[in-house]
Participant: 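Sharing a structure with you now.
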2 protein chains.
Amino acid sequence: MANMKKSEVLKIIGQNIKRIRLEKGFTQVDLVGKIEARIDTTNISRIEKGRTNATIHTLYKISQALEVPLSEICDVYFSERV
Amino acid sequence: MANMKKSEVLKIIGQNIKRIRLEKGFTQVDLVGKIEARIDTTNISRIEKGRTNATIHTLYKISQALEVPLSEICDVYFSERV
DNA sequence: TTCATATTTGCCATATTTGACAAGTTTAAT
DNA sequence: ATTAAACTTGTCAAATATGGCAAATATGAA
């Protein structure tokens, strides 16, 4: 729960996205194709890798493409117990 | 559910933050005081008003100060049904 | 109203995200 | 090993988030 470092938060969120994406059988290119607003595999990759501190609207667009609630992507509590 | 505009997403997230903050009886100044990393009431105000597309780490810091899961702040589905 | 506190807004400087493209790397199959 | 698809990473420019301060406005109590 408590006080994760920035890098750790970003890494967990990236892992969430990647996990959900793979569960749904999407490639990064698939995602880009599904997102109405513009986004790039470059950016998706950086977010999945936890290298970028994405804005909430970018994460929202990704959640739309993944067909899950934004809050699912932002769930940092389960991963934390690993 | 579907395809909210950026401004709408930001507004709902801001409302979530403000609602939770008031429920807990915190002022913006209280929040700033509780956040270890640096943040400003200026920024909190802008986020609560939906004027800024905050990064996920900023929202994480706010969620820590509010003592709620990040995912609660990022819940855009309930508000949507208003 | 007056006063104090809280919030909002404008402005600035700095840092970083984002989109874009290209190049490099990984992965998996044959 | 070769090939193709998927992913990563570097760099760039433009847009914007952030922190900071100050001023304006709002809120609420006395």
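Residue numbers begin at 1 in each chain, while the letters A, B, ... track the order of the sequences. Computation of the quantities below employed the complete heavy-atom set of this structure, encompassing side-chain atoms and omitting hydrogens, waters and symmetry-equivalent molecules.
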Participant: Within the structure shown, what part of the strands sits under 4.0 Å from A:Ile39 by heavy-atom distance: base, sugar-phosphate, or nothing?
Facilitator: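 Since only primed, P, OP1 and OP2 atoms lie under 4.0 Å of A:Ile39, the category is sugar-phosphate.
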Participant: So how far is it from A:Tyr60 OH to B:Asn3 CG, rounded to the nearest 0.5 Å?
Facilitator: 6.0 Å
Participant: Side-chain N or O of B:Lys61 less than 4.0 angstrom from OP1 or OP2 on D:dG19?
Facilitator: yes
Participant: Take atom CG of B:Asp40 and atom P of C:dC11, then tell me their distance rounded to the nearest Å.
Facilitator: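 After rounding, the reported distance stands at 17 Å.
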Participant: For the backbone of A:Ile13 and the side chain of A:Asn16, can you confirm whether one donor and one acceptor N or O come within less than 3.5 Å of each other?
Facilitator: no
Participant: Whole angstroms only, please: what is the CG-C1' distance between B:Asn53 and D:dA15?
Facilitator: 11 Å
Participant: For B:Arg46, answer base if it contacts any base atom (sugar-phosphate contacts may also be present), sugar-phosphate if it contacts only those atoms, and nothing otherwise; contact means non-hydrogen atoms under 4.0 Å.
Facilitator: base
Participant: With heavy-atom distances below 4.5 Å as the criterion, would you say the side chains of B:Thr41 and B:Leu31 are in contact?
Facilitator: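 In short, these two side chains do not touch, never coming nearer than 4.5 Å.
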Participant: Counting only side-chain N and O atoms of B:Thr58, is one of them less than 4.0 Å from OP1 or OP2 of D:dT18?
Facilitator: yes
Participant: NZ of B:Lys6 versus P of C:dT17: gap in Å, rounded?
Facilitator: 15 Å
Participant: Do the side-chain N or O atoms of A:Arg51 get closer than 4.0 angstrom to the phosphate oxygens (OP1, OP2) of D:dT9?
Facilitator: yes
Participant: Rounded off to whole Å, could you give me the NZ-to-C1' distance for the B:Lys49 and C:dT7 pair?
Facilitator: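 For the pair B:Lys49 NZ and C:dT7 C1', the rounded distance is 8 Å.
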Participant: If the test is salt bridge (charged side-chain N to carboxylate O under 4.0 Å, His left out), which one of B:Glu48, B:Glu72, B:Glu67 qualifies with B:Arg21?
Facilitator: B:Glu48
Participant: Ignoring backbone atoms, establish whether A:Arg21 has a side-chain N or O less than 4.0 Å from OP1 or OP2 of D:dC7.
Facilitator: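 Yes, because at least one side-chain N or O of A:Arg21 sits under 4.0 Å from OP1 or OP2 of D:dC7.
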Participant: Report yes if at least one side-chain N or O of B:Thr55 is closer than 4.0 Å to OP1 or OP2 of D:dT18; otherwise report no.
Facilitator: yes
Participant: Which part of the nucleic acid, if any, lies within reach of B:Thr27 when heavy atoms closer than 4.0 Å are counted: base, sugar-phosphate only, or nothing?
Facilitator: sugar-phosphate
Participant: Is the shortest side-chain N/O distance from B:Thr52 to OP1 or OP2 of D:dA17 below 4.0 Å?
Facilitator: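 Checking D:dA17 against B:Thr52, a side-chain N or O does come within under 4.0 Å of OP1 or OP2.
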Participant: With a cut-off of less than 4.0 Å, is there a side-chain N or O of B:Lys18 near OP1 or OP2 of C:dT8?
Facilitator: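 It does, given that an N or O in the side chain of B:Lys18 lies less than 4.0 Å from OP1 or OP2 of C:dT8.
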Participant: Atom CD1 of A:Ile44 to atom P of D:dC7: distance rounded to whole Å?
Facilitator: 9 Å
Participant: Within this structure, what is the CG-to-C1' distance between B:Leu31 and C:dT7, rounded to whole angstrom?
Facilitator: 13 Å
Participant: Check the side chains of A:Thr55 and B:Asn53 for a donor-acceptor pair under 3.5 angstrom, ignoring hydrogens and angles.
Facilitator: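 Yes, because at least one side-chain N or O of B:Asn53 sits under 3.5 Å from a partner of the opposite role on A:Thr55.
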Participant: Starting at atom NE2 of B:His57, determine the distance to atom C1' of C:dA15, rounded to an integer number of angstrom.
Facilitator: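 Value for this atom pair: 15 Å.
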Participant: Does A:Gln28 make a side-chain N or O approach to OP1 or OP2 of D:dA5 shorter than 4.0 Å?
Facilitator: no
Participant: Choosing from D:dC21, C:dT18, D:dT8, which nucleotide comes nearest the side chain of A:Asn43?
Facilitator: C:dT18
Participant: Can you measure B:Glu48 atom CD to C:dA6 atom P for me and round it to whole angstrom units?
Facilitator: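 Between P of C:dA6 and CD of B:Glu48: 14 Å.
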